[in-house]
Amino acid sequence: MPVLEISDLIGAWDPVTGERAPIVKREVIARLREAGHRRAVRIVERMPASGELLEPAAVDRLFVRVHTELQRLGEELHMARRFAELLAPLVAAARRAGTGPPRIVDVGCGIGYVTRALAASGALGGDVELVGVDFNPVLVAEAARLAKDEGLTCRFVRGDAFGLTEPATLYISSGVLHHFPAESLAGFFQAQDRPGTAGFVHYDIAATRLAPLGARVFHRARMREPLGRHDGVASAKRAHGDRVLLDAASRATGMRVFLFEPIRHTNPFCASMRPVVGMRPELVEEARRALGRRARGLVRAGGVRDGHDDGPEGAGR
Ligand SMILES: C[S@@+](CC[C@H](N)C(=O)[O-])C[C@H]1O[C@@H](n2cnc3c(N)ncnc32)[C@H](O)[C@@H]1O
């Protein structure tokens, strides 16, 4: 039975024009019912509709509310600091390789929390250009509005993760990979293996057996929106295992690919998010040196297990 997130079903946009597709409420409900998501069915049943269609303005307000709550989770998990820790050595190495001012593109940026926080901290240096991309135009507009309010120079544009037109020194994402079916992941990573790109850092939920329970507790404690609570748990259930991610990322053949602190290396009670990292082979040694002791967390394909099969016995250093 597929695990579905409500947010993937209530909004759809043409990947090229960005035009909104109408969403038929009873079709969303039917898909959730078929997947056995009874709570999700009740959540969508309560959503306003005009005739057969979900009310677009209400859906947009809901997206922004849920993503605002999601930003708070990102703050609690110190996501911007975690990104900076890995990006700083890669940015420094790329700068020395002389590829011009570094450009970081945050794919599936939502309301742009990570991009805005990196811009506000200046942790990567003043010459770094930061761009957020998302296929949801309402979230892109909200990200741009917040950046303006906060006096930041980062930019936000609408775009699809599978048709990225924004060139980047480094591509990043947070909480996005589980939205993509396993069979499409290789294409996602391969598209980032392009001239001028030094690497990628894609954080997502670690697929431990305890992840859905952890997500339930965490989202219930921290989120008020029923949709956010539902999708938070669904995200943990559909998170890709370490091996799936590494196999897919390895199809970007110009990159050396690692998981940073994969399941085997972490305490499953704490390990909520961990990234798959790709870098050009010539940057690896410098990145390792810059990371110091933390470089031991970079693990290649031979050192990981499959994911949801890992339980507490996979813990320990
Ligand atoms: C769980 S949210 C994470 C948002 C943000 N990265 C964060 O950490 O708060 C997933 C995001 O991915 C975006 N997304 C999903 N599929 C996408 C695609 N194919 N192209 C671009 N964005 C996508 C959604 O619109 C949503 O903003």
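Below, all heavy atoms of this structure are taken into account, side chains as well, without hydrogens, waters or symmetry copies. Note that ligands are numbered from 1 as they come in the structure, with each ligand's atoms numbered from 1 the same way.
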(request) Would you check whether D134 has a nitrogen or oxygen atom less than 3.5 angstrom from a nitrogen or oxygen atom of ligand 1? (result) yes
(request) Quick one: look up the protein heavy atom nearest atom 14 (N) of ligand 1 and list residue, atom name and how far away it is. (result) F135 CE1, 3.7 Å
(request) Determine, using ring centers only, whether F180 and F162 are less than 6.0 Å apart. (result) yes
(message) If we only consider heavy atoms of F180, is any one of them less than 4.0 Å away from an atom in ligand 1?
(response) yes
(message) With a 6.0 Å cut-off on the ring centroids, do H202 and F189 count as close?
(response) yes
(message) Tell me the contacting part of S235 for ligand 1: side chain, backbone, both, or neither, using a 4.0 Å heavy-atom threshold, strictly below.
(response) neither
(request) Please write down residue, atom name and distance for the protein heavy atom closest to atom 9 (O) of ligand 1. (result) L70 CD2, 3.8 Å
(message) Which option wins on minimum heavy-atom distance to atom 6 (N) of ligand 1: G108, G112, G175, P15?
(response) G108
(request) Tell me, please: is H67 in heavy-atom contact with ligand 1, that is, under 4.0 Å? (result) yes
(request) Report the part of Y113 in contact with ligand 1, treating N, CA, C, O as backbone and CB onward as side chain, heavy atoms under 4.0 Å; options are side chain, backbone, both, neither. (result) neither
(message) Return the closest protein heavy atom for atom 20 (N) of ligand 1 as residue, atom name and distance.
(response) A161 N, 2.8 Å
(request) Would you mind checking if E76 and R222 are paired as a salt bridge, meaning a charged N to carboxylate O distance below 4.0 Å? (result) yes
(message) Looking at D127 and R95, is there a salt bridge between them, counting it only when a charged N and a carboxylate O are closer than 4.0 Å?
(response) yes
(message) Is the distance from the ring center of H37 to that of H230 below 6.0 Å?
(response) yes
(message) Any atom of ligand 1 sitting under 4.0 Å from a heavy atom of V114?
(response) no
(message) Give me the nearest non-hydrogen protein atom to atom 10 (C) of ligand 1 as residue plus atom name, then the distance to 0.1 Å.
(response) H179 NE2, 3.5 Å
(request) Give the contacting part of V133 toward ligand 1: side chain, backbone, both or neither, where contact means a heavy-atom distance below 4.0 Å. (result) neither
(message) Among L245, D247, V276, which residue satisfies the side chain to side chain contact (heavy atoms under 4.5 Å, CB included) criterion with H240?
(response) L245
(message) Tell me whether E285 is salt-bridged to R256, with the criterion being a basic N under 4.0 Å from an acidic carboxylate O.
(response) no
(request) Spell out, as yes or no, whether a donor-acceptor pair under 3.5 Å connects the side chain of T68 to the backbone of V64. (result) yes
(request) For C109 and ligand 1, answer yes if some heavy atom of the residue is under 4.0 Å from a ligand atom, otherwise no. (result) yes
(request) Have a look at P137, S174, G232 and point out the one with the heavy atom closest to atom 7 (C) of ligand 1. (result) S174
(message) With a 4.0 Å cut-off on N to O distance, would you call D231 and K237 a salt bridge?
(response) no
(message) Using a 4.0 Å heavy-atom cut-off, which part of V176 comes near ligand 1: side chain, backbone, both, or neither?
(response) side chain
(message) Between the side chains of K25 and E45, is the shortest nitrogen-to-carboxylate-oxygen separation below 4.0 Å, so that they form an ion pair?
(response) no
